[in-house]
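For this chain, numbers begin at 1 and follow the sequence in order.
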Amino acid sequence: QVQLVESGGGLVQTGGSLSVSCAASGGTFSRYIMGWFRQAPGKEREFVATISRSGGSTDYADSVKGRFTISRDNAKNSVYLQMKSLKPEDTDVYYCAARNKYSVANLYYTLNDYNYWGQGTQVSVSS
């Protein structure tokens, strides 16, 4: 059983930067494709970023491309999301997700692609 624990959320002003982390336990982290998603109250959870098992491939939602960076450290069983130039519309609960199912691709983009989820961490951007 894989457990994911996010940390590092908080309150930041518009234009500021913040990083969130996700620590994984159980299983072999380097075998997981990882992703970050976010969700606002009353809205559907949406894709933010994804990273391949080795970290060599990444992709982002258009809304965060150029501002957010996903990375991972397989030795530390962790995945990170560095966020800069934050906007009020980035205010959400951020969730990390892991996929350890058979995978043809290196990157995955939808909720159903992932089979483990963290509890989320709140990121709030004030205007």
Side-chain angles (χ1 to χ4, degrees):
Q1 185 75 9
V2 177
Q3 291 187 324
L4 303 173
V5 179
E6 299 95 337
S7 62
L11 176 64
V12 65
Q13 291 185 333
T14 296
S17 299
L18 195 66
S19 292
V20 291
S21 303
C22 173
S25 61
T28 305
F29 181 73
S30 60
R31 294 181 180 176
Y32 308 150
I33 296 168
M34 300 298 295
W36 283 99
F37 290 74
R38 64 186 183 184
Q39 186 172 22
K43 294 189 176 181
E44 293 186 354
R45 193 170 297 187
E46 65 177 17
F47 167 76
V48 175
T50 179
I51 188 166
S52 62
R53 295 180 183 90
S54 68
S57 297
T58 60
D59 204 1
Y60 302 88
D62 288 342
S63 59
V64 307
K65 201 167 289 185
R67 300 187 299 121
F68 290 13
T69 302
I70 187 172
S71 61
R72 66 189 296 161
D73 186 338
N74 287 344
K76 295 183 178 180
N77 293 344
S78 294
V79 63
Y80 310 98
L81 187 68
Q82 295 177 293
M83 303 175 285
K84 64 179 182 180
S85 302
L86 283 161
K87 307 173 182 179
E89 51 264 43
D90 294 318
T91 295
D92 278 320
V93 177
Y94 283 72
Y95 298 89
C96 73
R99 173 187 174 94
N100 69 349
K101 298 183 285 188
Y102 172 76
S103 302
V104 175
N106 288 328
L107 304 171
Y108 286 85
Y109 299 83
T110 73
L111 301 179
N112 290 336
D113 289 331
Y114 293 86
N115 49 328
Y116 295 102
W117 293 85
Q119 82 291 347
T121 186
Q122 177 71 48
V123 172
S124 298
V125 184
S126 63
S127 57

Without swapping roles, check the side chain of T14 against the backbone of K87 for a donor-acceptor pair under 3.5 Å.
no
Assigning hydrophobic clusters by single linkage (Ile, Leu, Val, Met, Phe, Trp, Tyr; side-chain heavy-atom cutoff under 4.5 Å), is Y80 placed with V64? no
Note: R53 and R31 closest approach over all heavy atoms is NE-O, 2.9 Å
ask   = Judged by atom type as modelled, is there a donor-acceptor pair below 3.5 Å linking the side chain of S103 to the main-chain atoms of K101?
value = yes
Output for pair (M83 CE, S19 OG), nearest 0.5 Å, gives 6.5 Å
*asked:* If you define the side chain from C-beta out and look only at heavy atoms, does anything of C22 sit under 4.5 Å from Y94?
replied: no
### Message
Can you confirm if the NZ or CZ of R72 lies within 45° of the ring axis of F29 and under 6.0 Å from the centre of its six-membered ring?
### Response
yes
request  = Please answer whether the main-chain N or O of S85 pairs with a side-chain N or O of R67 as donor and acceptor at a distance below 3.5 Å.
outcome  = yes
Requested in this report: Would you check if the side chain of T91 reaches a backbone N or O of V125 as a donor-acceptor pair within less than 3.5 Å?
Outcome: yes
Taken to the nearest 0.5 Å, the spacing of S57 OG from I51 CD1 works out to 8.5 Å
| Hydrophobic cluster membership, L81 vs Y116, 4.5 Å side-chain cutoff | yes
query: In terms of ring plane angle, is the pair F37 and F47 parallel, tilted or perpendicular, where the classes change at 30° and 60°?
result: perpendicular
- Item | Side chain to side chain, S21 and S78, heavy atoms closer than 4.5 Å | no
What one should report as the nearest heavy-atom pair of M34 and A98 is SD-CB, 3.5 Å
Smallest heavy-atom separation, E6 atom then G120 atom, equals OE1-N, 2.9 Å
Taking NZ in K76 as the centre, count heavy atoms belonging to other residues, nucleotides or ligands within less than 6.0 Å. Is the count above 12? no
The reported gap from CG in N106 to OG1 in T58 (rounded to nearest 0.5 angstrom) is 11.5 Å
Linked, directly or transitively: L86 and Y60 (ILVMFWY side chains, under 4.5 Å):
yes
Looking only at heavy atoms, the pair that brings C96 and V79 closest together is CB-CG1, 4.4 Å
Taking every heavy atom of G26 against every heavy atom of Y32, the minimum-distance pair comes out as O-OH, 2.7 Å
What do you reckon, is CD of Q3 surrounded by more than 12 foreign heavy atoms closer than 6.0 Å? no
In this structure, CD1 of I70 is separated from CZ of F68 (nearest 0.5 Å) by 11.5 Å
When you measure from the side chain of D92 to the backbone of A40, do you find a donor-acceptor pair of N or O atoms at a distance under 3.5 Å?
yes
| message | Same cluster or not: V48 versus L107, using hydrophobic residues (I, L, V, M, F, W, Y) connected whenever any side-chain heavy atoms lie under 4.5 Å apart? | response | no
One should read off an interatomic distance between L18 CG and Q13 CD, to the nearest 0.5 angstrom, of 12.5 Å
Practice problem: Report whether V123 and V93 are members of the same hydrophobic cluster (ILVMFWY, side-chain heavy atoms less than 4.5 Å apart, transitive linking). | Solution: no
Value for CZ (R38) from CZ (R45), rounded to nearest 0.5 Å, stands at 13.0 Å
The single option from N100, T50, L4 that satisfies side-chain contact (heavy atoms from CB on, under 4.5 Å) with Y114 is T50
**Request:** Using a strict 4.0 Å threshold on nitrogen-to-oxygen distance, state whether D62 and K65 make a salt bridge.
**Result:** yes
Of all heavy-atom pairs linking K84 and G66, the shortest is CE-O, 3.6 Å
